[in-house]
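Comments concern the structure below.
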Amino acid sequence: MLNPQQQAAVRHTEGPLLLLAGAGSGKTRVITSRIGYLRLDRQVPADRILAVTFTNKAAREMKERVIEQVGKRAAKGMVISTFHSLCVRILKEDIELLGYKKNFSIYAAADQSRLVRDLIQSEAADGQKYDADRVLWIISDAKNRLIPPEKFVVAYQDEYQYLAAQVYPRYQKALKAFNAIDFDDIIMLAVRLLKDYPEVREKYQDRFRYLMVDEYQDTNAAQYLLLRLLAEKHRNLCVVGDDDQSIYGWRGADLGNILDFEKDFPGAMVIRLEQNYRSSGNILAAANAVIKNNTKRKEKALWTSGAAGSSIEYLRCMDEEDEACLVIDRIHTERFKQQLSYSDFAILYRTNVQSRAFEEQLRYENIPYVLIGGQQFFDRKEVKDAVAYLRVLVNPRDEVNLLRILNYPKRGIGETSADRLIRFSAEREIPLWEVLCDPSGVEDLGDKASEAVATFVAMMERYRKGFARTADLAETTKELFAEIKLEDEIYRHTDDPKKARRRVENVEDVVSSMLSYIEREEQPSLGGFLEKVSLLDQDQPNRDSKEKKLEQDAVILMSLHSSKGLEFPVVFLVGMEEEFLPHKNVINEGSDVEEERRLCYVGITRAQHHLVLLGAASRKKYGKLQPRVPSRFLEEIPENLLEKRTSEGRPPASEEEQEEMASGFFSNIQALLGD
């Protein structure tokens, strides 16, 4: 049963709509109900409806709920996807207008870094070392603001800004030469197509007459313009978001997109979803009290028809070890007292370095836990090596991946031979693959290397034709990995047999991932699989994924950024201190703390029934204890909502008591010195 505000949001289908959905207010239900209303009640054709969100997991869940509501047949043709999947769809149809071929590659972060690193080497003077990822971040930021290389200007006096200005044009030229795009290009190039080609723009405006966008507060400049271009003809744009949960400014998210929606889309209706179905009254009161101190926000206040619930605890610990012990003791107690599972407990922190003490204590107590974060499956070396073969089979001009596999596993094309091939390719501006197909013009290549190159090309051509002929992608992939002896190579270069076995299993999981893809798709292809791999976010379908971890009966450890969108019966929000929350970088730079306050708000509203805030009086730094100051956000929570304790169970000392204790301490020292 929808509440009155939710019903109004479902039925308002014509014209722009801003749906301000507070934490736990049932926004996903509203979006899916709205899609169902359009499809069944308004008889809008399925292929005229577009719903966009940020993660594959969110898109998948939304699609499943829509199918439950309208049926599989009525949902067929509807596009419910991430921003990047939508834009890949657009590029697949029309990217040739921009001078690319339709079999373009999408470079992952590692591929981008490698290419930028190679370009930097030719720019850097005297062999000076530069951080390629830092240059790439500057380029990525420019792309997210839709700044092409020819319009990029140095923002401030910084050697990396100047280096990025030199590398960016060459990086983009290299990508195009390799018929490749990077993750940021996906949206930037789609926007360029819609903006510069009226026939393309009109095609998609007519195709998608009703647009819905989730998590609108997280959109950047490129995503904003994409939506404007798609919606400007029919204006049936519904955006759902919460400015109080905008926590990705460091990633390019523009809070102004949601705050200025009514100005950007005149005549927009605004509906506030403030009834919370997640948390108890005291938790919501604390969250409201904290977030109201932000000035850049839309006025709203969460409320619940449920009970006030237990008080919020604030525990002042001696140090980080004491903090960890206290949390684990409380997990033991509450688990048996309330008959809870381990997965009902979440430990949230501002920075990942804070997890160490909790991990150690959980292991010591033999409590199962999962750590959200860490290296992703498709970022592992052995997986990147395996996938590189598949990428080159689809796009032989993908030189970053071609160079990765040219002599891996070793096949007799050493560094000297590879260097001659690359130099010949660069000097004559011939794609490297074409040089490999006919290396006769390369001087001093040698018979052994020439034979190895010919064998490599023949094998790749055989598998390229094989993949084109067969529908059994997984079996052909297994045959390829067996022929190149990838497993033998891993065992040969890994000292620890157990570690080697895990790495081999990761390669096997590439095939498993392909099998899952084949089961989901009506017309699977190798290119389609690689596209899915490139667009995967943190919810990748492998055993180390966030989604799989959350299904285990184990205590959850995660950063506040990772916790967004989740909920837990019991939440421990640790490190409630200045320099953690708000973060020291924000304090030191004199930056606006409003995003840090929103992060605190997100942490508070993850708790359903019980919230425990913790902070330490001192922490070790370089082996020495240093005093810590409680977070300013604690002062914003009303006293009547907080139950304050020290780790020994006493209420924290007042300022007067602290001064008195300090005075007594120094008096005792003076007396001892006098003796």
Side-chain angles (χ1 to χ4, degrees), residues 81-116 118-119 136 139-140 142-152 167-204 207 222-223 225-226 229-230 387-388 390-404 425-426 429-435 437 460 464 467-468 525-536:
S81 74
T82 64
F83 276 97
H84 288 91
S85 293
L86 169 66
C87 290
V88 167
R89 179 187 292 257
I90 293 171
L91 294 177
K92 283 287 184 185
E93 287 192 29
D94 296 295
I95 197 169
E96 288 174 321
L97 291 169
L98 301 177
Y100 294 81
K101 294 182 180 179
K102 287 189 176 183
N103 67 332
F104 60 88
S105 295
I106 302 172
Y107 274 12
D111 300 326
Q112 296 173 49
S113 294
R114 183 170 177 173
L115 178 54
V116 168
D118 290 344
L119 294 171
L136 196 54
I139 294 172
S140 174
K143 290 186 177 185
N144 285 329
R145 290 185 287 124
L146 297 174
I147 300 172
E150 65 271 14
K151 292 187 178 179
F152 180 82
V167 169
Y168 186 11
R170 297 183 60 213
Y171 171 68
Q172 210 61 18
K173 185 179 178 181
L175 282 175
K176 196 164 187 179
F178 302 158
N179 194 36
I181 64 176
D182 68 17
F183 206 64
D184 299 308
D185 283 329
I186 293 173
I187 295 179
M188 188 169 82
L189 293 179
V191 168
R192 188 172 149 199
L193 275 172
L194 294 173
K195 194 175 179 183
D196 295 351
Y197 296 89
E199 68 279 12
V200 176
R201 181 168 67 248
E202 191 162 346
K203 176 174 67 174
Y204 287 102
R207 184 179 299 182
Q223 291 157 340
L225 185 54
L226 174 78
L229 290 166
L230 289 173
V387 172
L390 305 179
R391 291 192 187 281
V392 174
L393 286 169
V394 170
N395 177 17
R397 294 178 68 179
D398 181 348
E399 294 193 6
V400 167
N401 283 296
L402 179 55
L403 288 170
R404 185 181 191 100
S425 166
E429 296 188 344
I430 302 172
L432 180 59
W433 178 255
E434 291 183 20
V435 175
C437 291
M460 295 297 285
R464 186 177 63 80
F467 274 110
S525 66
L526 183 58
F529 170 70
L530 294 172
E531 178 187 311
K532 294 292 183 185
V533 168
S534 298
L535 295 177
L536 283 173

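Counting from 1, the numbers follow the sequence of the chain as shown.
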Do [X] and [Y] have side-chain heavy atoms sitting under 4.5 Å apart?
X      : Y      : value
Cys87  : Leu226 : yes
Val191 : Leu194 : no
Asn395 : Phe104 : no

Which heavy atom of [X] sits nearest to which heavy atom of [Y], and what is that distance?
X      : Y      : answer
Lys143 : Ala222 : O-CB, 4.4 Å
Val392 : Leu402 : CG2-N, 3.5 Å
Leu97  : Tyr197 : O-OH, 3.1 Å
Val116 : Val167 : CG1-CG1, 4.3 Å
Ser140 : Asp184 : OG-OD2, 2.7 Å
Ile186 : His84  : CG2-O, 3.5 Å

Can you confirm whether [X] is buried at [atom1], in the sense that more than 12 heavy atoms of other residues, nucleotides or ligands lie under 6.0 Å from that atom?
X      : atom1 : value
Arg207 : CZ    : yes
Lys176 : NZ    : yes
Glu429 : CD    : no
Lys92  : NZ    : yes

Step-by-step side chain to side chain contact (heavy atoms under 4.5 Å, CB included) determination, Arg404 to Arg391:
CA-CA 11 Å; Arg404 185 181 191 100; Arg391 291 192 187 281; over 6 Å; no

How far apart are the C-alpha atoms of Ile181 and Leu98, what are their side-chain angles, what is the distance that settles it, and do they pass the side chain to side chain contact (heavy atoms under 4.5 Å, CB included) test?
CA-CA 12 Å; Ile181 64 176; Leu98 301 177; over 6 Å; no

Does the side chain of Tyr107 come under 3.5 Å of the side chain of Asp398 through a donor N or O and an acceptor N or O?
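Asp398 and Tyr107 do have a side-chain donor-acceptor pair below 3.5 Å.
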
Under the side chain to side chain contact (heavy atoms under 4.5 Å, CB included) rule, what do Leu432 and Leu403 come out as? Steps first, then yes or no, please.
CA-CA 9 Å; Leu432 180 59; Leu403 288 170; 3.6 Å; yes

Test side chain to side chain contact (heavy atoms under 4.5 Å, CB included) on Asp94 and Tyr204; report intermediate values, then the result.
CA-CA 11 Å; Asp94 296 295; Tyr204 287 102; 3.6 Å; yes

Any chance you could measure Leu146, atom CG, to Gln223, atom CD, to the nearest 0.5 Å?
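Answer rounded to 0.5 Å: 10.0 Å.
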
